[in-house]
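Starting from 1, each residue takes its place in the sequence as its number.
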Amino acid sequence: GLVSNHKLWVSTLLMAVTPGIVEELAYRGVIMGSYRYGSRLAAIIIGGIMFGAMHMNFNQMAYAIMIGLVFGFVVEATGSIITTMIMHFLINGFSVVIKHTANIIPMLKDQAENTEVTQTMLLSTIRAYIPMALVGAVISAGIIYLLATINGRMESFTSVFTEPFNRYDENGKKLRLLTPLMIVVIIYCLIRCVVEEFLF
């Protein structure tokens, strides 16, 4: 509704600019920043899982977790969340433009609305996307490696995978990877996914 019922610039502001800034500040800024004292790798993983869970539907959760992980590695490779804000904006902005294009061209909209997705179609689509996902993962790893090299952060970036887990933050307070609030939030998000998927 946010995309369909507004002009392109309003939809872009609501669905691409705002999430690109706010979500990156929350997940790559606050969440990753909170956990990086213990382990930057744990911070990336937790940030990715929370980013995926926050989308609260199984379809978006699957790819949002992967995108969240990639974004976390990009932050470590570049040393800045500005890069991921731009990436986030481009991904969401592309979706907004595609949706608006489908709304402008009636034939595309009718075809999308009248096509019934069968389980066979879904499984064949998943099988077709697996090789593309693997190729995309390799290309993403290469780009992240290149970003780390260009930004002079290769040594810092590679140490993400080798640094030991530090159980205490900079103030000597014991770190816990899973807090009660985080567990409640994840359970809530999973319940919402189930409700959205099977009850509506």
[X] side, atom [atom1]; [Y] side, atom [atom2] - distance, nearest 0.5 Å:
X	Y	atom1	atom2	answer
Ile21	Thr84	CD1	OG1	11.5 Å
Asn92	Met15	CG	CE	6.5 Å
Ser156	Glu163	OG	CD	8.5 Å
Ile186	Ile49	CD1	CD1	6.5 Å

Taking [X] for the side chain and [Y] for the main chain, is one N or O donor matched with an acceptor at less than 3.5 Å?
X	Y	value
Asn151	Arg153	no
Asn57	Cys193	no
Thr179	Met182	yes
Thr18	Leu13	yes

Answer yes or no: is there a side-chain heavy-atom contact under 4.5 Å between [X] and [Y]?
X	Y	value
Ser11	Leu14	no
Ile31	Ile46	yes
Phe71	Met87	yes
Glu23	Met54	yes

Using a cut-off of 6.0 Å, state whether more than 12 heavy atoms not belonging to Met66 lie near its atom CE.
-> no
For Arg192, which residues count as a side-chain hydrogen bond (donor to acceptor under 3.5 Å, both in side chains) partner, sequence neighbours excluded?
-> Tyr188
Linked, directly or transitively: Leu25 and Val30 (ILVMFWY side chains, under 4.5 Å) | no
Are Met56 and Met61 connected in the hydrophobic side-chain network, where two residues link if heavy atoms are under 4.5 Å apart?
-> no
Which pairs count as side chain to side chain donor-acceptor pair (under 3.5 Å) when at least one residue sits in residues 63-77, sequence neighbours excluded?
-> Arg36-Glu76, Arg40-Glu76
Output field: ring centroids His88/Phe51 closer than 6.0 Å | yes
Looking only at heavy atoms, which two atoms of Ile144 and Phe157 are closest? And how far apart?
-> CG2-CZ, 3.5 Å
Going by side-chain heavy atoms closer than 4.5 Å, which hydrophobic residues are tied to Ile150, directly or by a chain of links?
-> Leu146
ring-ring contact (aromatic ring centres under 6.0 Å, His included) filter on Phe165, not counting sequence neighbours, yields none
Can you name the residues that form a ring-ring contact (aromatic ring centres under 6.0 Å, His included) with Tyr35, not counting sequence neighbours?
-> none
Enumerate, atom names and distances included, each donor-acceptor pair closer than 3.5 Å involving a side-chain atom of residues 126-141, sequence neighbours excluded.
unit_1, atom_1, unit_2, atom_2, d
Ser140, OG, Gly136, O, 2.8

